[in-house]
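All of these numbers come straight from a predicted model, not from anything done at the bench. Order of the sequence lines sets the chain letters (A, B, ...), proteins ahead of strands, with each chain counted from 1.
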There are 2 protein chains.
Amino acid sequence: MSENVGRWLRDEIENAILSNEFSPGERLDEMVLATRFGVSRTPVREALMQLDAIGLIEIRPRRGAVVIDPGPHRIYQMFEVMAELEGLAGSLAARRLDEESREAIAATHSRCEQSASAGDSDAYYYANEEFHKAIYAASRSDFLEEQCVQLHRRLRPYRRLQLRVRNRLSTSFSEHCAIVDAIFAGDGDEARRLLRGHVGIQGERFSDLVASMAAR
Amino acid sequence: MSENVGRWLRDEIENAILSNEFSPGERLDEMVLATRFGVSRTPVREALMQLDAIGLIEIRPRRGAVVIDPGPHRIYQMFEVMAELEGLAGSLAARRLDEESREAIAATHSRCEQSASAGDSDAYYYANEEFHKAIYAASRSDFLEEQCVQLHRRLRPYRRLQLRVRNRLSTSFSEHCAIVDAIFAGDGDEARRLLRGHVGIQGERFSDLVASMAAR
DNA sequence: GTCAATCATCGTGTATACAAGAGTAACATT
DNA sequence: AATGTTACTCTTGTATACACGATGATTGAC
């Protein structure tokens, strides 16, 4: 638990939203949250203000807070931006790669390989996250890294859904291989292009996402 | 003034920061702000929490809030991301352009032309902002538009500084012309490439920025 | 004279109290 | 029976009170 309750609550509620414990559209009652976490309304309100600023919830004046429901269209737009940012991160990583980042990418990449060959979707999900974060870090751009991490967190639930699609796991890994090759070869343009394709959800992958969202 | 004081204060303090009324590194005393705006500490705190979540200030536990000083390096990174997002907006705009957006872009573009030929740097600054916002809107991606607007706001002070550089005004406008041509021609790749170059601060333009920042 | 330790003061963190608007249900009127 | 109005309740918005930690000053010792 963080040093101040407000910060802690923000993370707690954020995780609850991202893990779908609080469903989109659900009303967040301040008093309910306060009693649930054993605190007063004040830090709860401060946490909600922050989540509103981030865009995870919407506080309608005098009418309380509700979890935002992005909807398929907006999620597609978020993936579109994510693809662009990851592409930039990849191109910068290819140009600026140093030994430390190279090792981090190689290590997370091999963890992906193990999980993929074992067919372990959950393990791959975590290894995949580390792999992408290693690329963000390798971009040597703190701001870009922060933006990527933040957007990645918001898309995490949907990225997970995507992995459940048939054959997506092995396809994803082979794309990783090409990305690693491009970055290690210093080919920024190619890394950018591949990452855009890897992250974006073009064509049928969008329908797959909508279908798995509806399945819940 | 918005319907609730907290929201209003957030905008008020945000503007004060972006207009450099509160300098980077400056301490924001809750009680001082409260008396200045004639409210209690509660809504002030809520506003500060939101600004912290956005990244404009940093709240160190038990030690108060300070305005974040991005520093030249980080500002460069922010422009880098901004260039990428604007490039995406431009490419989408080129592909999806409809009559309404086309007229909005043409209108703001001609306002830029008037200001540029009059040599009015301030007027160009405002017209330029509208021009870029017209492109964001033309992308037909709400999420991208929001991200662009938000980042644009944070970079606004520095964009203004850039315009003061010798000849930058006419150079900027001629770049606009090429961008408009590409978008209207439906050439997404070219629009992306041009916007990246137009927004980014490569090479000497970065030194120019650092110099004008130091001049204040 | 300088450094360290302790105490005082100031500001933040949280709780609670109070005010006011929005939702809801019941009653009356058509 | 349906609709409109009114009153009540519940939740949010703001203020204030209190507690605790951090910073700084002062005093003492070396």
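For the atom pair CG (A/N128) and OG1 (A/T108), the distance works out to 9.5 Å, reported to the nearest 0.5 Å.
For A/E145 and A/R140, the salt-bridge test fails: no basic side-chain N is under 4.0 Å from an acidic carboxylate O. The residues B/R36 and B/E12 are annotated as not salt-bridged, no charged nitrogen and carboxylate oxygen being separated by less than 4.0 angstrom.
Look at CZ on B/R7: it is 15 Å from C1' on D/dT14, rounded to the nearest Å. Summarising the geometry, the separation between CG on B/D29 and C1' on C/dT12 is reported as 9 Å, rounded to the nearest angstrom. The interatomic distance linking A/N4 (CG) with C/dG11 (P) rounds to 19 Å, in whole Å. As rounded to whole Å, 14 Å separates atom P of C/dA15 from atom CD of A/E30.
Near DNA chain D, meaning a heavy atom under 4.0 Å away, the residues from residues 36-65 of chain A are A/R41, A/R45, A/P61, A/R62, A/G64.
Counting only heavy atoms from C-beta outward, the side chains of B/D142 and B/Y136 never approach each other to under 4.5 Å.
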Check: residues 54-70 of chain B side-chain donor-acceptor pairs under 3.5 Å, at least two apart:
residue, atom, partner, partner atom, Å
B/D69, OD1, B/G71, N, 3.3

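With a 6.0 Å cutoff to the six-membered ring centre and a 45° limit on the axis angle, A/R74 does not count as a cation-pi contact of B/F143.
Note on A/R27: a side-chain N or O is less than 4.0 Å away from OP1 or OP2 of D/dT12.
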